[in-house]
Amino acid sequence: HYFNEKFFASVGAIRNNFSGYLNDRLGEDHNLNDGLRGYEWLPKVQVNPNLLLRYDAKEDLTFSYNFDYYNEKINRFSPNVNFNPNSSTNTNNPTAQDNILTGNRFVHTLNVMGKINGSLNYNIVGSYQKQQNDIERFTTFINTGERENIEKEEI
(Lines give C-alpha, C1' and ligand atoms only; values in the text may rest on other atoms or scores of the structure.)
Protein backbone atom coordinates (compact mmCIF):
# COMPACT_ATOMS: atom_id res chain seq x y z
CA HIS A 1 0.00 0.00 0.00
CA TYR A 2 1.31 3.45 -0.90
CA PHE A 3 0.48 5.93 1.87
CA ASN A 4 1.89 8.76 -0.22
CA GLU A 5 4.57 9.26 -2.90
CA LYS A 6 7.36 8.49 -0.44
CA PHE A 7 6.06 5.83 1.95
CA PHE A 8 5.13 2.23 1.05
CA ALA A 9 4.18 -0.77 3.24
CA SER A 10 3.49 -4.39 2.45
CA VAL A 11 2.32 -7.23 4.71
CA GLY A 12 2.10 -10.87 3.72
CA ALA A 13 1.86 -14.36 5.14
CA ILE A 14 2.32 -17.93 4.00
CA ARG A 15 0.98 -21.01 5.77
CA ASN A 16 1.84 -24.57 4.85
CA ASN A 17 0.08 -27.49 6.53
CA PHE A 18 1.73 -30.72 5.39
CA SER A 19 -0.15 -33.80 6.61
CA GLY A 20 2.85 -36.08 6.19
CA TYR A 21 3.52 -38.95 3.83
CA LEU A 22 2.86 -42.49 5.05
CA ASN A 23 4.37 -44.69 2.33
CA ASP A 24 4.47 -48.07 4.14
CA ARG A 25 3.81 -46.56 7.59
CA LEU A 26 0.39 -46.57 9.26
CA GLY A 27 0.18 -43.15 10.99
CA GLU A 28 0.10 -41.97 14.60
CA ASP A 29 -3.00 -44.01 15.56
CA HIS A 30 -1.38 -47.37 14.77
CA ASN A 31 -1.09 -49.17 18.13
CA LEU A 32 0.91 -52.32 17.34
CA ASN A 33 4.63 -52.66 18.05
CA ASP A 34 5.59 -53.69 14.53
CA GLY A 35 7.68 -50.64 13.57
CA LEU A 36 4.98 -49.29 11.24
CA ARG A 37 3.66 -46.48 13.44
CA GLY A 38 4.29 -42.93 12.24
CA TYR A 39 5.18 -41.39 8.88
CA GLU A 40 8.00 -41.64 6.38
CA TRP A 41 7.83 -37.85 5.83
CA LEU A 42 6.85 -36.11 9.04
CA PRO A 43 3.75 -33.90 9.32
CA LYS A 44 4.46 -30.22 9.89
CA VAL A 45 2.91 -26.78 9.94
CA GLN A 46 4.89 -23.76 8.72
CA VAL A 47 3.88 -20.12 9.16
CA ASN A 48 5.82 -17.27 7.56
CA PRO A 49 4.47 -13.70 7.99
CA ASN A 50 6.49 -10.75 6.65
CA LEU A 51 6.52 -6.97 6.61
CA LEU A 52 8.20 -4.45 4.29
CA LEU A 53 8.42 -0.71 4.94
CA ARG A 54 10.03 1.57 2.35
CA TYR A 55 10.68 5.28 2.46
CA ASP A 56 11.94 7.22 -0.55
CA ALA A 57 13.66 10.14 1.16
CA LYS A 58 14.90 11.70 -2.07
CA GLU A 59 15.05 10.78 -5.72
CA ASP A 60 18.40 9.09 -5.09
CA LEU A 61 17.97 7.83 -1.49
CA THR A 62 15.71 4.97 -0.31
CA PHE A 63 15.45 3.30 3.10
CA SER A 64 13.70 -0.03 3.57
CA TYR A 65 13.08 -2.35 6.50
CA ASN A 66 12.06 -6.01 6.16
CA PHE A 67 10.83 -8.24 8.95
CA ASP A 68 10.38 -11.97 8.40
CA TYR A 69 9.21 -14.51 10.96
CA TYR A 70 9.32 -18.23 10.33
CA ASN A 71 7.68 -20.82 12.58
CA GLU A 72 7.72 -24.55 11.96
CA LYS A 73 6.24 -27.37 14.06
CA ILE A 74 7.25 -30.90 13.15
CA ASN A 75 5.43 -33.85 14.73
CA ARG A 76 7.51 -36.97 15.31
CA PHE A 77 5.72 -40.22 16.13
CA SER A 78 7.80 -43.05 17.52
CA PRO A 79 7.52 -46.35 15.62
CA ASN A 80 8.04 -48.19 18.95
CA VAL A 81 4.83 -48.95 20.84
CA ASN A 82 4.65 -50.03 24.49
CA PHE A 83 1.55 -52.18 25.03
CA ASN A 84 1.24 -50.92 28.63
CA PRO A 85 -0.70 -53.97 29.92
CA ASN A 86 -3.09 -53.77 32.87
CA SER A 87 -3.15 -57.27 34.43
CA SER A 88 -6.13 -56.53 36.69
CA THR A 89 -8.41 -55.77 33.71
CA ASN A 90 -6.55 -57.93 31.18
CA THR A 91 -6.39 -54.95 28.77
CA ASN A 92 -3.71 -52.87 27.08
CA ASN A 93 -3.40 -49.09 26.87
CA PRO A 94 -0.64 -48.65 24.23
CA THR A 95 1.77 -45.72 24.57
CA ALA A 96 4.64 -44.24 22.56
CA GLN A 97 7.34 -41.65 23.23
CA ASP A 98 6.61 -38.83 20.76
CA ASN A 99 7.84 -35.27 20.37
CA ILE A 100 7.21 -31.99 18.63
CA LEU A 101 10.10 -29.93 17.31
CA THR A 102 9.36 -26.20 17.06
CA GLY A 103 11.61 -23.75 15.24
CA ASN A 104 11.29 -19.96 15.37
CA ARG A 105 13.39 -17.58 13.30
CA PHE A 106 13.22 -13.78 13.30
CA VAL A 107 15.01 -11.79 10.59
CA HIS A 108 15.33 -8.00 10.56
CA THR A 109 16.90 -6.37 7.50
CA LEU A 110 17.69 -2.69 6.95
CA ASN A 111 18.62 -1.52 3.46
CA VAL A 112 19.84 1.88 2.26
CA MET A 113 20.13 2.47 -1.50
CA GLY A 114 21.14 5.56 -3.37
CA LYS A 115 23.57 7.38 -5.64
CA ILE A 116 26.61 9.47 -4.90
CA ASN A 117 26.91 12.53 -7.16
CA GLY A 118 24.11 11.10 -9.31
CA SER A 119 26.30 8.43 -10.89
CA LEU A 120 27.79 5.99 -8.34
CA ASN A 121 25.17 3.54 -7.01
CA TYR A 122 25.42 2.11 -3.52
CA ASN A 123 23.40 -0.48 -1.66
CA ILE A 124 24.09 -1.05 2.05
CA VAL A 125 22.36 -3.96 3.80
CA GLY A 126 22.43 -4.87 7.48
CA SER A 127 20.64 -7.88 8.93
CA TYR A 128 20.01 -9.40 12.35
CA GLN A 129 18.68 -12.92 12.78
CA LYS A 130 17.65 -14.86 15.86
CA GLN A 131 16.73 -18.52 15.78
CA GLN A 132 15.43 -20.75 18.55
CA ASN A 133 14.55 -24.43 18.43
CA ASP A 134 12.53 -26.16 21.13
CA ILE A 135 11.55 -29.77 21.64
CA GLU A 136 8.57 -31.06 23.58
CA ARG A 137 8.81 -34.74 24.56
CA PHE A 138 5.87 -36.68 25.95
CA THR A 139 4.20 -40.04 26.36
CA THR A 140 1.19 -40.45 24.05
CA PHE A 141 -1.65 -42.78 24.91
CA ILE A 142 -2.33 -43.91 21.36
CA ASN A 143 -5.99 -44.93 21.76
CA THR A 144 -7.07 -41.59 23.30
CA GLY A 145 -4.40 -39.16 22.07
CA GLU A 146 -3.80 -37.99 25.65
CA ARG A 147 -0.30 -36.87 26.61
CA GLU A 148 1.57 -37.05 29.89
CA ASN A 149 5.13 -36.71 31.19
CA ILE A 150 5.55 -33.58 29.09
CA GLU A 151 9.09 -32.18 29.05
CA LYS A 152 10.11 -29.02 27.16
CA GLU A 153 13.62 -27.83 26.41
CA GLU A 154 15.45 -25.46 24.13
CA ILE A 155 17.90 -27.20 21.82
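Computed from heavy atoms alone, side chains included, the values below leave out hydrogens, waters and symmetry copies.
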S.K.: Does any non-hydrogen side-chain atom of N149 lie less than 4.5 Å from one of E151?
M.R.: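 No, too far: nothing below the 4.5 Å cut-off.
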S.K.: Any ion pair linking R105 and E72 (charged N to carboxylate O, less than 4.0 Å)?
M.R.: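 Salt bridge absent between E72 and R105.
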S.K.: Tell me whether the count of non-hydrogen atoms from other residues, nucleotides or ligands lying under 6.0 Å of CD in E59 goes above 12.
M.R.: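 Check fails, neighbour count at 12 or below.
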S.K.: If you define the side chain from C-beta out and look only at heavy atoms, does anything of N99 sit under 4.5 Å from E136?
M.R.: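 A side-chain contact under 4.5 Å is absent here.
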S.K.: Do NZ/NE/NH1/NH2 and the carboxylate oxygens of R37 and D98 come within less than 4.0 Å?
M.R.: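 Salt bridge present between R37 and D98.
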S.K.: Yes or no on side chain to side chain donor-acceptor pair (under 3.5 Å) for E146 and T140, after CA distance, side-chain angles and deciding distance?
M.R.: CA-CA 6 Å; E146 292 179 41; T140 302; over 6 Å; no
S.K.: Answer whether the closest heavy-atom distance between the side chains of V112 and Y122 falls below 4.5 Å.
M.R.: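 The answer is yes, as the side chains (C-beta and beyond) meet within the 4.5 Å cut-off.
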S.K.: Evaluate the side chain to side chain donor-acceptor pair (under 3.5 Å) criterion for residues D134 and T102: first the C-alpha distance (whole Å), next the side-chain angles of each, then the deciding distance (0.1 Å), finally the verdict.
M.R.: CA-CA 5 Å; D134 300 309; T102 303; 6.0 Å; no
S.K.: Looking only at the aromatic ring of each residue, does the gap between the centers of F77 and Y39 stay below 6.0 angstrom?
M.R.: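 Ring centres of F77 and Y39 closer than 6.0 Å.
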S.K.: For N84 and N93, what are the C-alpha separation, side-chain angles and deciding distance, and is it a side chain to side chain donor-acceptor pair (under 3.5 Å)?
M.R.: CA-CA 5 Å; N84 195 21; N93 191 7; 5.3 Å; no
S.K.: With distance as the sole test, does D60 use its side chain to make a donor-acceptor pair with the main-chain N or O of I116 at under 3.5 Å?
M.R.: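 Checking the backbone N and O of I116 against the side chain of D60, no donor-acceptor pair under 3.5 Å is found.
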S.K.: Is the closest side-chain donor-acceptor distance between N86 and S88 under 3.5 Å?
M.R.: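 Side-chain D/A pair, N86 to S88: present.
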S.K.: Answer with yes or no whether the hydrophobic clustering places I142 together with F83; edges join I, L, V, M, F, W, Y residues whose side-chain heavy atoms lie under 4.5 Å apart.
M.R.: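 Result: no, two separate clusters.
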S.K.: Mind checking the CG-CG spacing from N82 to N31? Nearest 0.5 Å is all I need.
M.R.: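 The CG atom of N31 is 12.0 Å from CG of N82, to the nearest 0.5 Å.
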S.K.: Report yes if the side chains of F18 and W41 come closer than 4.5 Å at any heavy-atom pair, otherwise no.
M.R.: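 Yes - at least one pair of side-chain heavy atoms lies under 4.5 Å apart.
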S.K.: Applying side chain to side chain contact (heavy atoms under 4.5 Å, CB included) to E148 and F141, what does each step give before you reach the verdict?
M.R.: CA-CA 8 Å; E148 70 175 32; F141 289 90; 3.4 Å; yes
S.K.: Walk me through whether N123 and V125 qualify under side chain to side chain contact (heavy atoms under 4.5 Å, CB included).
M.R.: CA-CA 7 Å; N123 187 357; V125 179; 3.7 Å; yes
S.K.: In terms of heavy-atom contacts, does NZ of K152 have more than 12 from other residues, nucleotides or ligands at under 6.0 Å?
M.R.: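 At most 12 heavy atoms, drawn from other residues, nucleotides or ligands, come within 6.0 Å of this atom.
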S.K.: Kindly work out whether a path of hydrophobic side-chain contacts (I/L/V/M/F/W/Y, heavy atoms less than 4.5 Å apart) joins M113 to F7.
M.R.: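 Different clusters: M113 never reaches F7 through Ile, Leu, Val, Met, Phe, Trp or Tyr contacts under 4.5 Å.
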S.K.: Just by distance, do the side chain of N92 and the backbone of P94 share a donor-acceptor pair under 3.5 Å?
M.R.: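 No: the side chain of N92 does not pair with the backbone of P94.
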S.K.: Check whether any side-chain N or O of N33 sits under 3.5 Å from a backbone N or O of V81 as a donor-acceptor pair, and report yes or no.
M.R.: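 Between the backbone of V81 and the side chain of N33 there is a qualifying donor-acceptor contact (under 3.5 Å).
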S.K.: Where do R137 and E153 land on the side chain to side chain contact (heavy atoms under 4.5 Å, CB included) test, with the steps shown first?
M.R.: CA-CA 9 Å; R137 295 180 183 94; E153 89 176 275; 2.5 Å; yes
S.K.: Just wondering, do Y70 and Q46 contact through their side chains at under 4.5 Å, heavy atoms?
M.R.: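 SC-SC contact between Q46 and Y70 confirmed.
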S.K.: I'd like to know if Y2 and L53 are part of one continuous hydrophobic network [Ile/Leu/Val/Met/Phe/Trp/Tyr, side-chain heavy atoms within less than 4.5 Å].
M.R.: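 Per the 4.5 Å side-chain linkage, L53 and Y2 are not co-clustered.
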S.K.: Over 60° means perpendicular and under 30° means parallel, so classify the ring planes of Y55 and F63, tilted if in between.
M.R.: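 Parallel, since the angle between the ring planes stays under 30°.
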S.K.: To the nearest 0.5 Å, tell me how far L32 CG sits from H30 NE2.
M.R.: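 Result: 4.5 Å between the selected atoms.
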S.K.: Do the side chains of T62 and R54 get nearer than 4.5 Å, heavy atoms only?
M.R.: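 Side chain of R54 against side chain of T62, heavy atoms only: contact under 4.5 Å found.
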S.K.: Count the heavy atoms belonging to other residues, nucleotides or ligands that lie under 6.0 Å from CG of D34, then report whether that count exceeds 12.
M.R.: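 Above 12, so yes.
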S.K.: A side-chain contact here means heavy atoms from C-beta on lying under 4.5 Å apart; do S64 and L52 qualify?
M.R.: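 The answer is yes; the side chains approach within 4.5 Å.
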S.K.: Crowded around E5 CD? As in, over 12 foreign heavy atoms under 6.0 Å?
M.R.: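 Count not over threshold, so no.
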S.K.: Could you give the distance from CG (L42) to CG (N75), rounded to the nearest 0.5 Å?
M.R.: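 Rounded to the nearest 0.5 Å, the CG-CG separation comes to 8.0 Å.
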S.K.: Before you tell me yes or no, could you show the steps for N111 and Y65 under side chain to side chain donor-acceptor pair (under 3.5 Å), namely the whole-Å CA-CA distance, both residues' side-chain angles and the distance that decides it to 0.1 Å?
M.R.: CA-CA 6 Å; N111 186 320; Y65 167 76; over 6 Å; no
S.K.: Could you state whether F106 and L51 fall into the same hydrophobic cluster, counting links through intermediate Ile, Leu, Val, Met, Phe, Trp or Tyr residues with side-chain heavy atoms under 4.5 angstrom apart?
M.R.: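 Per the 4.5 Å side-chain linkage, F106 and L51 are co-clustered.
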S.K.: For a 4.5 angstrom cut-off between non-hydrogen side-chain atoms, does I100 reach R76?
M.R.: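 In short, these two side chains do not touch, never coming nearer than 4.5 Å.
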S.K.: Please check if the side chain of D56 supplies one atom and the backbone of K58 the other of a donor-acceptor pair under 3.5 Å.
M.R.: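 No, because the side chain of D56 does not come within donor-acceptor range (under 3.5 Å) of the backbone of K58.
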S.K.: Taking the six-membered ring for Trp, are the ring centroids of F3 and H1 within less than 6.0 Å of each other?
M.R.: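 Centroid separation for F3 and H1: below 6.0 Å.
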S.K.: Measure the NZ-CG distance between K73 and N71 for me, rounded to the nearest 0.5 Å.
M.R.: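 It is 6.0 Å, given to the nearest 0.5 Å.
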S.K.: Assigning hydrophobic clusters by single linkage (Ile, Leu, Val, Met, Phe, Trp, Tyr; side-chain heavy-atom cutoff under 4.5 Å), is L61 placed with L120?
M.R.: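 Yes, one cluster joins them.
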S.K.: For I150 and T139: C-alpha separation, side-chain torsions, deciding distance, then whether side chain to side chain contact (heavy atoms under 4.5 Å, CB included) applies.
M.R.: CA-CA 7 Å; I150 298 172; T139 301; over 6 Å; no
